[in-house]
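Have a look at the structure below, then the notes.
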Amino acid sequence: MQTDCLVIGGGPAGLTAAIYLARFRLRTMVVDAGNSRAALIPRTHNQAGFPDGISGKDLLARMRQQADRFGVEFCDAHVARLEKSDDCFVAWAGSTSMRARTVLIATGISNIAPAMSNDVHDKALRAGQLRYCPVCDGYEASGQRIAVVGTGARGAKEAEFLRSYSDDVTLIASRGRHELAPPERARLNSIGVNIIDGPARDFELAAAKIGLLCAAGKCWFDTMYPALGSKVHSDLAIALGANCTDEDCIRVDSHQATSVPGLFAAGDVVLGLDQISHAIGEAGVAATAMRNRLAASQPLLFEARALAEA
């Protein structure tokens, strides 16, 4: 299977890039493993154009429908291996191989969840009792009793950020005693953030609350934010030798190009900002750069017959 552009990842970044590429009249395929974090969003209110908000699943469905309208091909599979052969990339999904002149990696990241069962985790996420992005939905937690599970600089920063939305914020260590530097602890104390040692365990849901056991006993909150970091899905780029940060995010230039010629990246796999709008912007830049790279090696000329068949 040969194509001009292969997009790995079917989240907001990947689908946006695919729409652009197809409208550039390039043969484009999206390989989607179905693990976009956007699908977990019960309702986002930060996405412009949706004054009443929109669920992540609905947003992805609309974007996929739009890409399909312009002729994007889809393969629902996981790319396990990506290789480069001369001026062409070869991606392997099971026994199926796909060849492309350019590739965009938009595989995103996965949040590290607290030590709770999948059932409790998923129910809490759907109900807004568990949230992962205070930039996205801190507004919805305004005035609530908020728990932040984490410690160190990451936990302290998240707790302070959420303090602007509520006067009842508690930072709970995930495993044992807190690993807070004296200035971090002093800062949290000065702004009224409660600090409780862990381990945070035995999570449960009841009466629109989320509860857990910790050093202070059983505690109940309206909503909880894990601040435990994330896993960056940059393995394919790393295997090709692309430059990455110490956190495994893919390094790109101002056109979203990696250090491997013809390989581009966009979205949270580049910078874990957790913002749909940011991923969409990077995807537009990447798609345009991919188009221009292909045009530089071979002029992209309009063919009336191709238009008639589209």
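Everything numeric here is computed off the predicted structure, so don't read it as measured data. Quick note: residue numbers are just sequence positions, from 1.
Note that CD of E73 is 6.5 Å distant from OG1 of T3, once rounded to the nearest 0.5 Å.
Considering only heavy atoms from C-beta on, F203 stays 4.5 Å or farther from L130 through its side chain. No side-chain heavy atom of V193 sits less than 4.5 Å from a side-chain heavy atom of T170. Contact check for I195 versus N189: side-chain heavy atoms found under the 4.5 Å cut-off. Residues V103 and L82 meet the side-chain proximity criterion, which asks for heavy atoms closer than 4.5 Å. In this structure, C214 and C219 have side chains that are in contact, with non-hydrogen atoms separated by less than 4.5 Å. Counting heavy atoms from C-beta outward, R62 and I54 have side chains that approach closer than 4.5 Å.
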Report the C-alpha distance between W92 and V90 in whole Å, list the side-chain angles of each, state the deciding distance to 0.1 Å, and finish with yes or no for side-chain contact (heavy atoms from CB on, under 4.5 Å). CA-CA 7 Å; W92 293 87; V90 182; 3.4 Å; yes
Do D4 and L294 pass the side-chain contact (heavy atoms from CB on, under 4.5 Å) test, and can you show the C-alpha distance, the side-chain angles, and the key distance before you say yes or no? CA-CA 8 Å; D4 294 316; L294 292 173; 4.1 Å; yes
Would L240 and L263 satisfy side-chain contact (heavy atoms from CB on, under 4.5 Å), going step by step from the backbone distance to the final call? CA-CA 9 Å; L240 278 177; L263 182 68; 4.0 Å; yes
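Both I105 and M29 belong to a common hydrophobic cluster when Ile, Leu, Val, Met, Phe, Trp and Tyr are linked at side-chain heavy-atom distances under 4.5 angstrom. Each of L104 and V260 belongs to its own hydrophobic cluster when Ile, Leu, Val, Met, Phe, Trp and Tyr are linked at side-chain heavy-atom distances under 4.5 angstrom.
Residue Q2 places its CD atom among more than 12 non-hydrogen atoms of other residues, nucleotides or ligands, all under 6.0 Å distant. No more than 12 heavy-atom neighbours from other residues, nucleotides or ligands sit within 6.0 angstrom of CZ on R23. Shown here is K157, whose NZ atom has no more than 12 heavy atoms of other residues, nucleotides or ligands within 6.0 Å.
Here R145 does not pair with D222 in a salt bridge; the nearest charged N to carboxylate O distance is not below 4.0 Å.
Aromatic ring orientation, F161 versus Y165: tilted (interplanar angle from 30° to 60°).
A cation-pi contact, defined as under 6.0 Å to the ring centre and within 45° of the axis, is absent between R101 and F89.
The closest side-chain donor-acceptor pair between D137 and Y225 falls under 3.5 angstrom.
Across all non-hydrogen atoms, the minimal contact from L171 to G150 is CD1-O, 3.4 Å.
When the options L188, I146, I191, V148 are evaluated for a side chain to side chain contact (heavy atoms under 4.5 Å, CB included) with R163, the one that passes is I191.
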